[in-house]
Structure formats: structure tokens, C-alpha cells
2 protein chains.
Amino acid sequence: MEQNQNIRIAVDAVVFGYKEKQIYILLIKQKFGPFQGKWALPGGFVKDGEGLQDAVLRELKEETGVRTNYLEQLYTFGDQVNRDPRGQVISVAHLGLVNPSKFTLEADTDAETAQWFLLDDIPELAYDHLDILNTGIRRLQSKLHYQPVGFDLLDKEFPFSDLEALYQSILQKKIDRRNFRKKILSFGILHETDKIHQTGSGRPGKLFTFNETKYKELVEQGIHFEIKFA
Amino acid sequence: MEQNQNIRIAVDAVVFGYKEKQIYILLIKQKFGPFQGKWALPGGFVKDGEGLQDAVLRELKEETGVRTNYLEQLYTFGDQVNRDPRGQVISVAHLGLVNPSKFTLEADTDAETAQWFLLDDIPELAYDHLDILNTGIRRLQSKLHYQPVGFDLLDKEFPFSDLEALYQSILQKKIDRRNFRKKILSFGILHETDKIHQTGSGRPGKLFTFNETKYKELVEQGIHFEIKFA
DNA sequence: ACAAAAGTGTTAGACCTACACCCATGG
DNA sequence: CCATGGGTGTAGGTCTAACACTTTTGT
């Protein structure tokens with residue numbers, strides 16, 4: 001009953017960031033270990049006395065310099081006993097959302113570099129991190145259907161087209177602009193400021209902010225967002 | 001980097017069963033440990049070289065005699081470092097669905113007894129198992145909205161009213177019979193046999209079976225089931 | 001005046017909700 | 001014939017899908 005286990009527990013993070021109208025994912029290049037030089041998700045072993053979420057936040061900060069407000073548990077990988085060549089390791093994967101413009105990437109400890117990658121430009125990954133990443137992508141895609149998404153990814157003030165591009169980038173399909181706008185506005189999570197987005201070309205758009213109270217309320221309550229591609 | 005951890009990993013199972021038109025949950029009475037004599041979810045430590053899901057299935061069989069086809073990962077409890085008085089233990093909770101009529105409960109190893117409990121008759125539970133149980137209930141309730149449920153809980157042939165009672169029992173509210181039937185039949189997961197349910201009183205109902213192919217297809221694809229209480 | 005991006009409304013169809021009476025069987 | 005539970009249809013309202021032109025700005 002009190003026999004010792006020879007299993008170790010780690011955490012990993014699938015962190016999404018949105019910039020330049022596209023979704024990126026945060027990866028690090030490993031400095032040590034069996035996959036030295038390979039790209040991987042940020043993560044590492046949990047320390048004694050440390051909670052799971054704390055471990056993720058610590059590793060993220062150490063390996064990439066990023067801090068995230070939004071972090072949820074994704075899935076625990078431990079059915080495959082040999083997923084780590086160093087021995088049996090169970091990894092509790094988390095999903096994070098971040099606005100990349102708030103941070104400069106800085107690799108500290110186990111990581112040589114940290115870098116944002118476009119989803120269709122992912123390098124070969126260490127361990128089973130591709131599985132974890134795919135689980136994260138699927139989760140993010142389904143989140144859109146039952147929770148508002150965007151608060152943690154966009155700037156405080158943003159043009160409506162940013163939100164639209166965000167949804168299209170996550171779902172990887174085109175959305176009808178008129179229907180999308182109607183639907184989102186009907187949730188009442190946006191507040192239209194009187195500022196105007198200064199851009200290079202084309203008609204400038206009004207800037208919006210999230211109504212944080214209403215937004216968080218709908219994150220709790222759940223929404224039903226269903227929209228066909230145009 | 002290769003420092004040893006003093007954290008152990010366990011699994012627990014929230015197993016639902018349906019009988020006599022109501023949802024039950026499977027609990028065991030602990031034979032040993034800090035909560036000796038208390039009721040708890042079936043579960044225990046993962047063995048070296050064992051996968052998570054295998055560990056759940058093993059513990060379930062050892063402690064209750066139940067085997068389940070349907071088992072999904074629920075959530076990993078490890079943010080609270082002191083959830084187990086024996087030391088830091090992270091528990092990967094799973095959710096199982098079972099037809100209780102297929103098993104007689106038999107407690108083998110760590111359990112004194114195993115027993116089915118009605119949801120509104122849950123005894124005091126060991127550890128943070130009430131949190132885990134509530135997470136399981138919420139998950140099962142939301143599953144109804146995006147996946148068909150019933151295949152693993154009902155008999156092979158069942159009257160339509162069983163399915164209806166199952167949904168009502170899980171959602172804890174009354175459902176309009178006509179609308180429910182219309183909705184479920186429109187999914188095409190049911191096959192009407194020409195057999196008749198032999199019951200005590202009242203008009204006998206036709207027996208149905210699940211169209212397993214279609215059912216599993218919709219489990220993958222997802223459905224959208226939304227129904228107001230009557 | 002042209003290029004680029006923002007902004008805007010209506011209609012048809014699908015789906016959801018509300019609602020009450022008759023039917024088949026056993027005792 | 002009564003009690004019990006099974007079986008059935010329709011109309012109103014709401015939500016979604018489809019669809020294209022005009023407006024504002026910079027160059």
C-alpha cells in the first residue's frame with residue numbers, strides 16, 4: 001500500500017498567442033535531455049509541495065518569460081508508459097491563452113530558445129508533444145462553441161476585424177462577416193469605444209473593448225455559438 | 001533535473017449506473033488508511049509500468065467487481081497539495097458508465113463493501129472525493145448536450161421510457177415527452193424492435209435497441225441536444 | 001479615381017417550445 | 001371500467017444561413 005512508485009509527474013503547456021491576425025503556439029528548444037536541440041512544449045517536472053497549476057506557471061516563466069492569466073487543464077497523458085525515454089512520466093497538459101505583444105520571449109533555464117510558431121509551420125516535436133498539441137488545438141476549437149474567447153488573446157482595445165480574424169484563424173475557415181458580427185454583438189460582451197483604429201490602408205474601424213463582467217459571466221454560464229463558414 | 005520526486009500518483013473513478021429509472025453512483029467503504037470506514041470513490045495508486053486507464057480498470061475490478069466499457073478521463077486533482085493526509089498525491093479522476101444489472105458487487109482488496117448510491121443520498125466522503133464526484137456529475141450533465149448517452153447504461157433492449165427517465169435523472173428535471181422523442185428519433189440512433197416490454201401495469205411499450213454504428217458515429221461527431229424542461 | 005478594409009438588412013428555412021388527449025393493457 | 005403508463009401532432013416563435021453593395025479612408 002505504501003510502496004514507492006517509480007513514476008514521475010510533469011506538466012506541459014499548450015500556449016496560444018494571437019498576433020498579426022494569426023494564431024501562434026509557443027515552443028521551446030530543449031537545452032538538455034534525450035531530445036536536446038529539439039522543439040518541445042514548455043513544461044517540466046513538478047516540484048515537491050507544488051500544485052499542478054503553479055508548476056505550469058513556473059515553468060512557463062522560466063522557459064519562456066511568458067505569464068498567462070488564462071490557464072486551464074487540458075488532459076493528462078499517461079496511458080502510454082513509454083512516452084518519455086527517461087522512464088515512466090505522466091504529464092498533466094494545460095492550455096494557456098496569451099497576448100504575445102505583452103511579453104518578450106526569454107529562455108532562462110532548460111530552454112535554449114523560445115519562439116512563436118504558426119500552426120501550419122510546426123517543427124518536429126519531442127516526446128508525444130505533437131499529440132498534446134493536437135489535443136490543445138481541438139480543445140481551443142471546441143471552446144469557441146461554448147465560451148466567448150478573445151479576452152486574453154487580444155489587446156485591450158481592438159478593431160472588430162481582429163476578433164473575426166481570431167475566430168477564423170482558430171477554426172481555420174472563413175466566417176460570414178455579417179452573421180458573425182450580429183451573433184457576437186447579441187451576446188453583449190463588447191463595448192464600442194469612440195476611438196478609431198489607425199491602420200495603413202482601407203476604411204478605419206471603430207475600436208472595441210470587452211465588457212469584462214459580462215464576458216466572465218458568459219464564460220461561467222456558457223454560450224451557444226454556432227456559425228457556418230461562408 | 002533527475003531529482004527524485006516525493007509525489008505519488010493515484011486514479012479514482014466516478015462510475016454511474018442506471019437502474020430502476022434512476023442514476024446511481026458506485027462507492028466503496030475503505031478498509032484501510034486514514035479514512036478507514038469512510039465511503040470513497042473506487043481508486044488507488046498507479047503501479048509501476050501501468051497506464052492510467054489500466055490502473056482505473058484494475059482498481060475497479062479489485063474493489064467492486066465492476067468492469068466498464070465506457071471510461072473517459074475527467075480531471076486531474078493536484079492543485080491542492082494537501083488533499084491526501086498521507087502526503088502529496090495527485091489523482092487522475094475518470095468517469096465511467098455501467099449497466100449495474102450486469103454485475104454483482106464484490107469487494108476484494110482495499111474495500112470492505114461496494115455499493116450503489118442514489119445521487120441525493122450520498123454519504124460523507126473521504127479526501128476531496130465530493131469535489132471529484134461533483135465534477136463527474138457536471139461532466140455527465142454536459143455530455144448529454146453534445147453526445148448521445150445511454151448505450152453503456154441501458155439494457156440491450158429497452159423501452160423508450162427508460163431513455164427518457166435516464167435523461168431526466170441525470171439532468172434532474174422533467175423533459176417534455178413528445179419533444180424528447182422527436183429529437184432522439186431524429187438522430188437515428190434507435191432501432192425499434194417488434195418486441196414489447198412486459199411490465200406490471202399500464203400500456204406496454206415497444207422495445208428499442210441502439211444502432212451502434214450510428215451511435216458511435218455521433219459520439220465522435222458530436223450532436224447538439226438542447227431541450228427545455230416541461 | 002482607385003484600392004483596401006469596414007459596415008450594414010432582409011428573407012427563407014430549420015429548429016425549438018408549448019401544449020392535451022387517446023390508446024393498450026392488467027386487474 | 002378503472003388505473004397505469006405509452007403514444008402521438010401542430011402552430012408560433014426564435015435562431016441560423018445565405019447573400020452583395022455602400023462607405024470611409026489613404027495613395
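Since the structure is predicted, the reported quantities are computational estimates derived from the model, not experimental observations. Sequence lines set the chain letters: A, B, ... in the order given, protein chains first and strands last, and positions in each chain run from 1.
- Side chain to side chain, A:Glu217 and A:Tyr215 fail the donor-acceptor criterion of an N or O pair below 3.5 Å.
- Taking the six-membered ring where tryptophan is involved, the planes of A:Phe77 and A:Tyr75 are perpendicular, since the angle between them exceeds 60° and thus also 30°.
- Atom CZ in A:Phe180 sits about 17 Å away from atom C1' in D:dC15, given to the nearest Å.
- Atom CZ in A:Arg181 sits roughly 9 Å away from atom P in C:dA6 (whole-Å rounding).
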Per-nucleotide protein contact string for nucleotides 21-27 of chain C, where B marks a base within reach and S marks sugar-phosphate only (heavy atoms under 4.0 Å, - for neither): --BBBS-
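- Checked for salt-bridge contact, A:Lys216 and A:Glu212 meet the test: a charged N lies under 4.0 Å from a carboxylate O.
- The distance from atom NZ of B:Lys174 to atom P of C:dC19 is 16 Å, rounded to the nearest whole Å.
- The phosphate of C:dC16 (OP1 or OP2) has a side-chain N or O of B:Lys183 nearer than 4.0 angstrom.
- Taking only side-chain nitrogens and oxygens, B:Ser161 never comes nearer than 4.0 Å to OP1 or OP2 of D:dG5.
- Rounded to an integer number of Å, the gap from CD1 of B:Ile223 to C1' of C:dC15 is 15 Å.
- With sequence neighbours left out, the salt bridge (charged side-chain N to carboxylate O under 4.0 Å, His left out) criterion links B:Asp152 to no other residue.
- If you take NE2 of B:His197 and P of D:dG5, they are 12 Å apart, rounded to a whole angstrom.
- Regarding B:Leu185, its CG atom lies at a distance of 14 Å from the C1' atom of D:dG9, rounded to whole Å.
- Look at CD on B:Glu226: it is 11 Å from P on D:dT16, rounded to the nearest Å.
- Applying the salt bridge (charged side-chain N to carboxylate O under 4.0 Å, His left out) rule to B:Arg58 yields the partners B:Glu50, B:Glu62; only residues at least two apart in sequence or on another chain are considered.
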Between side-chain atoms of residues 180-189 of chain B and protein atoms elsewhere (two or more places apart, or another chain), which donor-acceptor pairs fall under 3.5 Å?
{"unit_1": "B:Lys182", "atom_1": "NZ", "unit_2": "B:Asn179", "atom_2": "OD1", "d": "3.2"}
{"unit_1": "B:Lys183", "atom_1": "NZ", "unit_2": "B:His224", "atom_2": "O", "d": "2.9"}
{"unit_1": "B:Ser186", "atom_1": "OG", "unit_2": "B:Lys183", "atom_2": "O", "d": "2.6"}

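- Ranking C:dC19, C:dG7, D:dC19 by closeness to the B:Arg178 side chain, first place goes to C:dC19.
- DNA chain C contains the following stems of three or more consecutive Watson-Crick or G-U pairs, with both distances under 3.5 Å: C:1-27 with D:1-27.
- Residue contacts for A:Lys182: at a heavy-atom cut-off of 4.0 Å it reaches a base atom on one of the strands shown.
- Residues passing the side-chain contact (heavy atoms from CB on, under 4.5 Å) test with B:Gln172 are B:Gln141, sequence neighbours excluded.
- Rounded to an integer number of Å, the gap from CG of A:Leu163 to C1' of C:dG7 is 16 Å.
- Using a cut-off of 4.0 Å between Lys/Arg side-chain N and Asp/Glu carboxylate O, B:Lys206 and B:Glu192 are scored as salt-bridged.
- Remark: of the listed residues B:Tyr24, B:Trp39, B:Phe16, B:Trp39 is the sole one forming a ring-ring contact (aromatic ring centres under 6.0 Å, His included) with B:Phe117.
- Nearest to the side chain of B:Asn179, among C:dC19, D:dT16, D:dC19, sits C:dC19.
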